[in-house]
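Values in this document were obtained by computation on a predicted structure and should not be read as measured data. Chain identifiers are assigned alphabetically (A, B, ...) following the order of the sequence lines, protein sequences preceding nucleic acid strands; residue numbering begins at 1 within each chain.
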2 protein chains.
Amino acid sequence: MKDNLRQYVSKSISLSDRELDEFCDLFQSSTVKKKSFLLKEGEVCEFEGFVTKGLFRVYRVHSNGVEQILYFAIENWWVTDLDSFTNASVSKLHIQALEDSEVLLISRKDKEYVYEHIPKIEKLFRVMTQKTHIALQQRMMDNLSKTADQLYLDFIEKYPQLSQRLNNLQIASYLGISHEFLSRIRKKIFIK
Amino acid sequence: MKDNLRQYVSKSISLSDRELDEFCDLFQSSTVKKKSFLLKEGEVCEFEGFVTKGLFRVYRVHSNGVEQILYFAIENWWVTDLDSFTNASVSKLHIQALEDSEVLLISRKDKEYVYEHIPKIEKLFRVMTQKTHIALQQRMMDNLSKTADQLYLDFIEKYPQLSQRLNNLQIASYLGISHEFLSRIRKKIFIK
DNA sequence: TAAAAACATTGAACAAGGTCAATAAATAAC
DNA sequence: GTTATTTATTGACCTTGTTCAATGTTTTTA
């Protein structure tokens, strides 16, 4: 079950078998049924998760009740509320499974321990955070400059397999547009 | 001149005097006149910079000619194109001084060297990248959910000293709205 | 397999914000 | 100090996307 994680780590850094075992042993597996929550607003996020099966959405509920999806996490992606997890602060986010899912969880304490103990892991996460930061910068620039049509087309082109697994409510909420407007966009696009 | 940098590092991690000297010696100081560029689109970003004086804007020029500001950097902030610097790829960004400025620059090679040589520095930058990532997540959610009025009010409240040093063209470009609309917002707000 | 729930589509009215053009005010350059 | 240049304001009109409500369609659930 932890094969995915082993593979993921090995792709980025070279650890001895022993280090790799030690790292992976710090994770505990958890199954999460569709529609149930890994984290709810108001809680403190005590885990960082590596998804081995299924699909999660990480989202915020605004004061007017509107849900805004920050990101999705599928197989071989990490899922956490970075702010709440690193600062042990109260979370403003929800993390919910959109399919029956499985995830490997590491606690804050164990992660800090492993940073001290296996410095290459610190490198792994530094590089990872850099990559997600670059992607987020790109996404923010796109959101501010591109039209909704283009955002949608880019999304289904960039994440073809993921977009198959999502309904239009989820996609609209990720793109920051209303699902009614997404429906109109789809009509316009697919008629052409 | 490197006192700011020494202080900045010391606040986050504890290095020996020797390590601190070694780290700071890798930087070379550079003065940048108002309106001149530290980086232009099409170049490869060969530096990461620590601003000791002045003000920079990091921005992209979209195909229609519209400028979108990704972020500003003032004293004690870092400035680089993270994507271009880490991947040695061609930059899509411009980095321009908005005031007469001074910046301490470290090269890609030296930064990689220091990661190997002083692991605490790796920690420093991991934590730093995490923080900026959290801030960017917040900014993206705000951009997607808040009205332009609110974005502007939040900006001048969050960065009071910075917003004093910027004209409304720059602020509008950062918020992703037209400067004409910002002008109307200001009228509406300050009349109340 | 029937009822309930969730999801998708469509119309009509509306709001937020953009574009273009003109003018005024403030800075910078000489 | 007086032009140039940059920045700010304002008006009129336009576009993109929202809201609300109704209806149809699919998927769950019992």
inquiry  = Asn76(B): which residues meet the side-chain hydrogen bond (donor to acceptor under 3.5 Å, both in side chains) condition with it, sequence neighbours left out?
reply    = none

query = NZ of Lys34(A) versus C1' of dC7(C): gap in Å, rounded?
reply = 12 Å

task = Counting heavy atoms from C-beta on, name the nucleotide in dA8(C), dT18(D), dA16(C) closest to the side chain of Ile177(A).
result = dT18(D)

task = Quick one: sort the His117(A) and Tyr113(A) rings into parallel, tilted or perpendicular, breaks at 30° and 60°.
result = parallel

request  = Could you state the atom-to-atom distance from CD1 of Ile189(A) to P of dA8(C) in whole Å?
outcome  = 15 Å

Give me, pair by pair, the N or O atoms of the protein and of nucleotides 10-13 of chain D that are less than 3.5 Å apart, along with how far apart they are.
from, atom 1, to, atom 2, distance (Å)
dG11(D), N7, Arg184(B), NH1, 3.1
dG11(D), O6, Arg184(B), NH2, 3.0
dA12(D), N6, Arg184(B), NH2, 3.4

message = Quick check: is Phe56(A) connected to Tyr59(A) through a chain of hydrophobic side chains (ILVMFWY, heavy atoms under 4.5 Å apart)?
response = no

inquiry  = What I want to find out is whether Arg57(A) reaches Glu67(A) closely enough, with some N-O distance under 4.0 Å, to be called a salt bridge.
reply    = yes

request  = Using only side-chain N and O atoms of Lys35(B), determine if any of them is under 4.0 Å from OP1 or OP2 of dT6(D).
outcome  = no

ask   = Are OP1 or OP2 of dT19(C) and a side-chain N or O of Ser178(B) less than 4.0 angstrom apart?
value = no

request  = Can you tell me the distance, in whole Å, between the CG atom of Asn64(B) and the C1' atom of dC20(C)?
outcome  = 15 Å

Residues Asp142(B), Lys146(B): salt bridge by 4.0 Å N-O rule = yes

task = For dT7(D), take OP1 and OP2 only and decide whether either is under 4.0 Å from a side-chain N or O of Asn168(B).
result = no

query = To the nearest angstrom, how far is Ile171(A) atom CD1 from dC7(C) atom P?
reply = 13 Å

ask   = Does one side chain, of Arg186(A) or Tyr152(A), offer a donor that lies under 3.5 Å from an acceptor on the other?
value = yes

note = In whole angstroms, the gap separating P of dA5(C) from CG of Leu169(A) amounts to 17 Å

message = From CD of Gln150(B) over to P of dA16(C), roughly how many Å is that when rounded to an integer?
response = 13 Å

note = Rounded to whole Å, the CG-C1' distance (Asn167(B) to dA25(C)) equals 14 Å

query = Given atom CG of Leu151(A) and atom C1' of dG17(D), what is their separation to the nearest angstrom?
reply = 12 Å

task = Decide whether a cation-pi geometry holds between Arg139(A) and Phe155(A); the criteria are a distance under 6.0 Å from NZ or CZ to the six-membered ring centre and an angle within 45° of the ring axis.
result = no

